[in-house]
A.B. asks: 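Please read through the structure below; I'll follow up with questions.
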Amino acid sequence: MESGDNSSTAELMSRYVSLELGYGVPKDGWRICLAHEFKEKRKPFQAKDVSLSNIVEHIGLGVRYLKWWYKKTQIEKKAPFIDMFRAIPLRQIYGAPLGGIGGGTITRGWRGEFCRWQLNPGMYHYKTVIANQFTVCLRRGGQTVYQQVLSVERPPTLQGWNWGYCGEYAFYHALYPRAWTVYPLPGQNVTLTCRQVSPVIPHDYQDSSLPVAVFVWDIENKNDYPLDVSIMLTMVNGSGHKDDKSGGHWNEPFHLEKAGESVSGVLLHHCTTVNPYTLCMAAREQSDREISHQTAFSPKGTCGVLWGDLIADGRLDSPTGSSPPTQKGEKVAAALAVGCPVPAQGHNDLEFSLAWDMPNITFGSREREHVRRYTRFFGTKADAAPSLSHHALTHYRLWERSIEEWQRPILQDSSLPSWYKSALFNELYFVVDGGTVWTELPEDSDVSGGLRSEDGGLPAQPAIIKEYGRFAYLEGQEYRMYNTYDVHFYASFALIMLWPKLALSLQYDIAGSVVSCDPTERLHLMSGRNSPVKVKNVVPHDIGDPDDEPWQRVNAYLIHDTADWKDLNLKFVLQVYRDFHLTQDTQYLQDMWPICQAVMESEMKFDTDGDGLIENSGYADQTYDGWTATGPSAYCGGLWLASVCVMCKMARLVNNEAAFHRFRDILDRGSAAFDKLLWNGQYYNYDSSGQDLSNSVMSDQCAGQWFLRASGLGDGQFQAFPKEKICSALKSVFDLNVMSFAGGQMGAVNGMRPEGVPDHSSVQSDEVWIGVVYGLAAIMIHEGMLEEGLRTAEGCYRTVWERLGMAFQTPEAYCEKGIYRSLAYMRPLSIWAMQLALDTSQPRDQAPKTTTTPTDQAPQTTTTIQTATEGEPGQKASQDQGHIP
C-alpha cells in the first residue's frame, strides 16, 4: 500500500470543484466532497451468509435462535439484543455525532442531515428528519439576493424551499469532537464554514457530560460591497420517531440573561409518556447580531410562509407566547434565525447551540428511574435547556482551547502519518455514540454485589462511583449489550487514557457483579442447555440490555453460557493491573486484589491436567464466539500466562509473598507447557488439538504480551513469553495475515493458513476485526515493529473510512469481499492502544508522552488541559486534578 497519505483523500475529494479551503479548517482529519458517491456497496452479514458446513454444524443454534427471536419480537414486542434477520443496512452518510458523553446523541451526516438518534438510552433509530436544516439568506442594500437551504437533497416535501445545493461546491471535514463543512456559495463570492463543536474533553468530568453542541458559522465576504447575512436553523419537535405524532408537544420562545450574557431561542417540549425531553435552539445576543424566531410551523406541505418570512427581510416574525399542544397525528417544528453584517472583503461569524434535556431516564423495563450525570450541575427538573444553551455559548471557546491543546502534540508530530491522526481522533466518536449512558449513583445503591470490604469485597458505594458516576456503553449499536467485557478489553484504552475515572468506575461495577450471582435458569442458544444467568466469582459478559434493566440484570448475551468462557476473568485481571500502572491509584489496586484472586481461583478449574496452562473446551468459549478452540490455545493460553504474570506483580505490590510464589510456580510451569504445546518454530499454533486447522496463524495470538507491554511488563522477572518468539510470531502474522491477504491493503485477517490462504473453518476466522487489528498494531509498535504496525492498521482505516463509506460507524468485522458485520462497534476504540505504544516506545521527535503523576493519577499528554469548568462549582468532580510539570 502506498503511504501517499493524500491519495485516498484525493479520491474522496475528486468531485470538489471549488478552490476554497474554508475558514480555520485543520489539515488533518477525514475530508469528503458532498457530491462523493462510494463505489462499493456492501451488505450486512445475515443468516443467509452462513456457509453450508457451518449451517450443518450449527443447525440446533439456528432453530433455537429462530424460536427465541419469534417470541421476543412477536410476543414480547421487544427488540432482540442481536437481530440476525434485520441487520441495519449500510447507509454511507454519517458524520460526527453531537453532544457530550452519556446524555444522548444526535448524529449529523456528512452532507449535513440530522439522521441518527439516541435520546432514549441505548436505543437507536435511523431516521433523517428532512426539515432539520440550515438555510442562508444574503441581502444587499435591503434586498434579498440569495436564499438557499444548505442541503444537496431535493425532497418531495417542503417544496416552497430552495433545495438542491450543488454538492460539488462543498466539503466536510471531521476531526472529532469537531467537524467543519465548507460551503462556497456559487456566484455569490461568499464562503460559509460551519464548525460543529461538542464538549468531549479528556480528563473533564463536568462539561464532557453535557447534552449540547455549538455550530459556529464563519462568513467570508469576498465582494467589494457589504452584505447582511442570516442563517436559519429549523428543527422538528422530535426525532423522526412515530411518537413525534403522539400529540401534546409544544414550543415556546425563551430569553435568559446570566452573568452579563444573554441568550435567546426556542424550546421544543417533547412530551412523551416515557423519557420526555426538551430540545433547545439558541443564539447569544450581541450588539451587531439580530436574533429572530418562528415558534411553531407545520413541517409538511410547501412551508412557503416560513420561507417567505425569511426572504422578505432576513429575519423571522418572532411571535410571543407558546404554541398550543399538538393534536394526535400532527407534527410541529420551530425556526431560529441569526443575522449579522459582513463588511466588504471581510469576515463575521454567527453562533447557534443545540441542546436536549432528558435528565431522568428509564430503561426498557421501566422499573427504575436513573438520573444523568449532567444533572449534578444543571438539576433534574427538566428545565435546564436554557441554562445548558447559555453555558455552551459562553464556554465553547474554552472547550476548543482544551481540545486543541490535547490534540496539538499528536497533530504536530511529523513522524505520524495523516491517516493515523484522523483514525485516532475520529474513532473516539464511539465513546459518545455507543448508546452511552453516564448516570449518578442512587443513594440507596449497593454495587458491592453483597460482599463487603471487610469480607474481601467492595464498599457498597465506592468513592470513585459516588464522585464520578456510573458509565456504560454498548458493544455496538447493533449488538445491544452494555459494557460487553471481552470487547471492552480492547476498547478500554480510550477510557483509561482519556477519562480514567470512568474506566475505574466501570471496573468497580464489574467487580461488584463478579461476586454476585443470579441462579435463574435459562436456555443458552448454542448448547441448548439450561444454566444460571450468573455464577459467582466469574466476570459477567455484559451488564445488561438497555431494553431491560442494566446493572440490575446482567448477561443479556445468551448464545453461550459465558461462565465457562476462558477469557473474561483473565481480561479483568489484566485490566486491573494496566489501570493501576497508568493511574497509580493504590486504593483501586487494594480494592481489586481480592476480586482478582477470586476470578483467578475460578479460572484454575480450566487447567484440567495441572500443567500450569488452561485448556479451551472444544467450543467457541471466548470473544471469538464463532471459532472453536480445543485444548491449550494461543489466544486464551497467552491471556492466561499474562494474567498469572500480573498476579505475580500485584502480589508483590500488596506484600503477599505466598501468592507471589504460588503464581510464580504456575507461570514457570505454564510457560514451559505453552512453548511445548503451541510453538512451531515460527509462531504459536491456533490451538493444540492436532486437528487439520490447529496450526492456523491467528492474528491475535500475542494479546497477552500486548497487555503486558501496555502495563510496563514483559521483561525480566515479569516476563511470560520469550521476546524472540513474540517477534517471530508477529513477523509471521505480518507476512501472512496482513501482506498475503487482500494485497496487504485490508489489515489482518483473523485466521490464515500457513500456505497463505484465509482459514475458512468458521464464520469468524476469515473476517478482519478492526479493533483486533489496532491492538495487533499496538503490540507490533511495542516490540519495535513501528513500520509494520502502522502498515497493518492503515489497511483497516482506509478500507472502512475511505473505501466502504463506514465513517462514524466502524463495524466489528468485514470480509475480503461482499459483507460486513455489526456496524458502529466498540472494539475499534483500541486504536488508543497504538497511541499508548507510541508514547511509551523508543523516543521519537515531538512524540507526545503519556505521563503519570501521583497527584493526577491519570495519563495526560505533556500539555496540561485547562477545562472550561475550572473554578466553577462541582469542579472537584469535573476534572482530574494536578498538573504535569
Side-chain angles (χ1 to χ4, degrees), residues 23-26 96-103 175-180 193-218 256-263 265 280 282-286 289 338 349-355 373-374 376-378 384-412 425 428 431-432 438 468 498-499 501-502 848 856 858 860-884:
Y23 190 89
V25 183
L98 304 170
I101 301 171
L175 187 65
Y176 190 75
R178 297 190 294 171
W180 295 256
T193 302
C194 177
R195 184 168 84 256
Q196 171 184 309
V197 184
S198 292
V200 181
I201 305 162
H203 306 281
D204 173 278
Y205 299 88
Q206 179 168 326
D207 282 18
S208 288
S209 73
L210 303 184
V212 67
V214 173
F215 301 96
V216 182
W217 288 86
D218 284 292
L256 175 63
E257 183 175 353
K258 187 165 61 173
E261 293 278 3
S262 296
V263 299
C280 177
R284 189 159 60 105
E285 296 185 359
Q286 299 175 71
R289 306 291 191 278
V338 188
D349 60 54
L350 298 170
E351 305 161 338
F352 291 82
S353 66
L354 180 65
R373 165 70 174 182
Y374 75 88
R376 177 177 289 213
F377 317 109
F378 287 88
S387 295
L388 284 164
S389 303
H390 187 285
H391 186 82
L393 288 165
T394 55
H395 285 74
Y396 79 87
R397 293 190 187 279
L398 291 171
W399 299 344
E400 289 194 280
R401 196 178 310 152
S402 297
I403 291 165
E404 287 165 1
E405 288 177 359
W406 156 49
Q407 294 182 339
R408 185 180 299 117
I410 293 166
L411 297 179
Q412 290 184 349
F425 293 115
L428 264 183
V431 170
V432 165
W438 185 1
Y468 295 96
L498 301 175
W499 293 277
K501 307 300 187 190
L502 296 184
D856 189 15
Q860 290 212 23
T861 57
T862 51
T863 306
T864 301
I865 292 173
Q866 302 284 345
T867 72
T869 56
E870 189 163 353
E872 294 189 3
Q875 195 237 344
K876 180 174 183 286
S878 76
Q879 189 181 4
D880 293 325
Q881 302 299 299
H883 296 275
I884 304 301

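Fair warning: this is a prediction, and the values are worked out from it, not measured in the lab.
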A.B. asks: To the nearest 0.5 Å, how far apart are CG in L354 and OG in S389?
C.D. replies: 8.0 Å
A.B. asks: Any side-chain heavy atom of D204 sitting closer than 4.5 Å to one from S402?
C.D. replies: no
A.B. asks: Got a sec, which residues hit side-chain contact (heavy atoms from CB on, under 4.5 Å) with T394, two or more places apart in sequence or on another chain?
C.D. replies: E261, R284, H390
A.B. asks: In Å and rounded to the nearest 0.5 Å, what is the CG to CG distance from L428 to L498?
C.D. replies: 5.5 Å
A.B. asks: Suppose we screen for side-chain contact (heavy atoms from CB on, under 4.5 Å). Which residues come up paired with R289, at least two apart in sequence or across chains?
C.D. replies: Q286, V338, C340, N348, D349, L350
A.B. asks: Consider ring-ring contact (aromatic ring centres under 6.0 Å, His included). Of F377, F378, Y374, which one does H391 pass it with?
C.D. replies: F378
A.B. asks: Please step through side chain to side chain contact (heavy atoms under 4.5 Å, CB included) for the pair W499 and I101, ending with a clear verdict.
C.D. replies: CA-CA 11 Å; W499 293 277; I101 301 171; 3.7 Å; yes
A.B. asks: Test of understanding: with side chain to side chain donor-acceptor pair (under 3.5 Å), list the residues that count as partners of Y396, not counting sequence neighbours.
C.D. replies: E351
A.B. asks: Do F425 and Q407 have side chains that get closer than 4.5 Å, going by heavy atoms?
C.D. replies: yes
A.B. asks: For the residue pair C194 and W180, establish whether any side-chain heavy-atom pair is separated by less than 4.5 Å.
C.D. replies: no
A.B. asks: Would L98 and V432 count as a side chain to side chain contact (heavy atoms under 4.5 Å, CB included) here? Give the steps.
C.D. replies: CA-CA 9 Å; L98 304 170; V432 165; over 6 Å; no
A.B. asks: For F215, which residues count as a ring-ring contact (aromatic ring centres under 6.0 Å, His included) partner, sequence neighbours excluded?
C.D. replies: F134
A.B. asks: Does E257 offer a backbone N or O that forms a donor-acceptor pair with the side chain of S262 under 3.5 Å?
C.D. replies: no
A.B. asks: Tell me the closest heavy-atom pair linking V212 and A355, and the distance in Å.
C.D. replies: CG2-CB, 3.9 Å
A.B. asks: Could you work out, with salt bridge (Lys or Arg N to Asp or Glu O under 4.0 Å) as the rule, every residue matching E400, not counting sequence neighbours?
C.D. replies: R178, R195
A.B. asks: Taking the side chain as everything from C-beta on, heavy atoms only, tell me whether P177 gets closer than 4.5 Å to I403.
C.D. replies: yes
A.B. asks: What class does the angle between the rings of Y205 and Y468 fall in, given that below 30° is parallel, 30 to 60° is tilted and above 60° is perpendicular?
C.D. replies: perpendicular
A.B. asks: Go through the structure and list residues passing side chain to side chain donor-acceptor pair (under 3.5 Å) with Q196, not counting sequence neighbours.
C.D. replies: R108
A.B. asks: How many angstroms lie between CH2 in W399 and CD1 in I201, if you round to the nearest 0.5 Å?
C.D. replies: 7.0 Å
A.B. asks: I need the C280 SG to L256 CG distance, nearest 0.5 Å.
C.D. replies: 9.5 Å
A.B. asks: List the steps, then state whether side chain to side chain contact (heavy atoms under 4.5 Å, CB included) holds for Y176 with V431.
C.D. replies: CA-CA 11 Å; Y176 190 75; V431 170; over 6 Å; no
A.B. asks: So, taking the atom named OG in S198 and the one named CG in D207, what distance separates them when rounded to the nearest 0.5 Å?
C.D. replies: 12.0 Å
A.B. asks: Give, for atom CG of L210 and atom CZ of R373, the distance between the pair rounded to the nearest 0.5 Å.
C.D. replies: 10.0 Å
